[in-house]
2 protein chains.
Amino acid sequence: MRIGELAKRAGTSTRTLRYYEARGLLPARRADNGHRTYDEDDLRLLREIRTLQDFGFELEETRPFLECLRAGHPAGDSCPASLAVYRRKLAELDDLIGRLADVRDQVERQLAGAEEAAGGAAAPRCEMTP
Amino acid sequence: MRIGELAKRAGTSTRTLRYYEARGLLPARRADNGHRTYDEDDLRLLREIRTLQDFGFELEETRPFLECLRAGHPAGDSCPASLAVYRRKLAELDDLIGRLADVRDQVERQLAGAEEAAGGAAAPRCEMTP
DNA sequence: GTATGCGTTGACGCCGACGTCAAGGCAAGG
DNA sequence: CCTTGCCTTGACGTCGGCGTCAACGCATAC
């Protein structure tokens, strides 16, 4: 399988695959003419990357999962290093979500206050409009 | 007040102020020698920018608040355009937080499953270790 | 005079994950 | 022979919000 087919089957671009190779994430064998050659295992690895990327993992964070699969384990998260990434990500997510929730509440309060101020000045009557 | 003092009083950098000016957010008067000159109102505007930035607003999103203040309103969020930004941001935050929460749960489930698989294979006994 | 400290503009660097264009090679089909 | 279509490497562009030089000017203090 050449790069174009792999890209199509994984729903990504050839540029992306070359980028992954340059980053050492998904190295490719070469045919005699220099063309990159991939097999079904590469497709599996690529899908692992894409799945994790969809979860918001950085490329570097997917590396342990790939190494785990290459080591012959049934799943990318069958290795301690992968679990460590999961836990780190979980903590990051909790932290981020917590901060965003705080911001959300502050913005909501600001909005409520500003709406009240505007409504109170522009339409000081009660909202009993027929 | 010159750029250095304003930067110091707002806890930012001169580079940042020049950047804001280039973006048209915080234009500066000029002294005879070409030096930027700011007053207390500019400090107020700058603080408005910084506060919104801390909330995760993009620079462009702070513009309505600045225009509102420049128009003489008591607060940056006293104008409809600012309220619209608040509402948009609130919706964005809700959406983002929701998606992150989904991801968080998926990661947690993956982690739980992988931990169970690993624990079950490597230490299949119950955790009654003395 | 000169060292210090403020200011000025211009321009490149950074981060992440690629997109996009350039210039070329090689193979099959008409 | 020429086109089409796949591939190659290399290199610059993107986005946001600045950081970090570079090279210079002007002013005050010593």
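Chain naming here is simple, since letters A, B, ... match the order of the sequence lines and numbering starts at 1 in each. Because the structure is predicted, anything quoted here is derived from the model rather than measured.
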Would you mind reading off the distance between [X] atom [atom1] and [N] atom [atom2], rounded to a whole angstrom?
{"X": "A:F57", "N": "C:dA17", "atom1": "CZ", "atom2": "P", "value": "13 Å"}
{"X": "A:D54", "N": "C:dC18", "atom1": "CG", "atom2": "C1'", "value": "15 Å"}
{"X": "A:K8", "N": "D:dC6", "atom1": "NZ", "atom2": "P", "value": "7 Å"}
{"X": "A:L6", "N": "D:dT8", "atom1": "CG", "atom2": "P", "value": "11 Å"}
{"X": "A:Y19", "N": "C:dC15", "atom1": "OH", "atom2": "P", "value": "11 Å"}
{"X": "A:L26", "N": "C:dC18", "atom1": "CG", "atom2": "P", "value": "12 Å"}
{"X": "B:E5", "N": "C:dG5", "atom1": "CD", "atom2": "P", "value": "17 Å"}
{"X": "A:D32", "N": "D:dC7", "atom1": "CG", "atom2": "P", "value": "17 Å"}

Say you draw a straight line from CG of B:L45 to SG of B:C68; how long is it, rounded to the nearest 0.5 Å?
11.0 Å
Can you check side-chain contact (heavy atoms from CB on, under 4.5 Å) on B:I3 and B:H35, steps first, answer last?
CA-CA 8 Å; B:I3 194 170; B:H35 290 191; over 6 Å; no
Can you establish whether the number of heavy atoms outside A:R70 located under 6.0 Å from its atom CZ is more than 12?
yes
Within 45° cone and under 6.0 Å: A:K89 NZ/CZ vs A:F55 ring
no
Is there a side-chain polar atom (N or O) of B:T16 under 4.0 Å from OP1 or OP2 of D:dG19?
yes
Hey, does the side chain of B:Q53 come within less than 4.0 Å of D:dG16's phosphate (OP1/OP2), counting only N and O?
no
Assess whether a salt bridge exists between [X] and [Y], defined as any Lys/Arg side-chain N lying under 4.0 Å from an Asp/Glu carboxylate O.
{"X": "B:D95", "Y": "B:R99", "result": "yes"}
{"X": "A:R63", "Y": "A:E67", "result": "no"}
{"X": "A:R87", "Y": "B:E115", "result": "yes"}

Are a donor atom and an acceptor atom from the side chains of B:R18 and B:T14 found within less than 3.5 Å of each other?
yes
In terms of side-chain heavy atoms of [X], which of [options] is nearest?
{"X": "A:R30", "options": "C:dC18, D:dT9, C:dA17", "result": "D:dT9"}
{"X": "A:R15", "options": "D:dC12, D:dC18, C:dA17", "result": "D:dC12"}
{"X": "B:S13", "options": "D:dG19, D:dT9, C:dC18", "result": "D:dG19"}

So what does B:T14 touch, heavy atoms closer than 4.0 Å: a base, only the sugar-phosphate, or nothing?
nothing
With heavy atoms under 4.0 Å as the rule, sort A:R23 into base, sugar-phosphate or nothing.
nothing
Five pairs at each end of the helix from C:dG1-D:dC30 to C:dG30-D:dC1: take the axis at both ends and give me the angle between them to 10°.
50°
Examine B:I49 and B:M1 and state if one hydrophobic cluster contains both, with Ile, Leu, Val, Met, Phe, Trp and Tyr joined whenever side-chain heavy atoms are less than 4.5 Å apart.
yes
Are A:L66 and A:L83 connected in the hydrophobic side-chain network, where two residues link if heavy atoms are under 4.5 Å apart?
no
Quick one: does A:T16's side chain have a donor or acceptor within less than 3.5 Å of a partner on A:T12's backbone?
no
Pull out every residue in residues 33-48 of chain A that has a heavy atom closer than 4.0 Å to any atom of DNA chain D, ordered by number, or say none.
A:G34, A:H35, A:R36
Selection: residues 81-92 of chain B, any non-hydrogen atom under 4.0 Å of DNA chain D:
none
Nearest heavy atom decides the nucleotide; on that basis, is A:Y20 or B:R18 closer to the 5' end of DNA chain C?
B:R18
Look at the side chain of B:R2 and the base of C:dG7, then say whether one donor and one acceptor between them are separated by less than 3.5 Å.
no
Would you say B:F65 and B:T51 make side-chain contact, with heavy atoms under 4.5 Å?
no
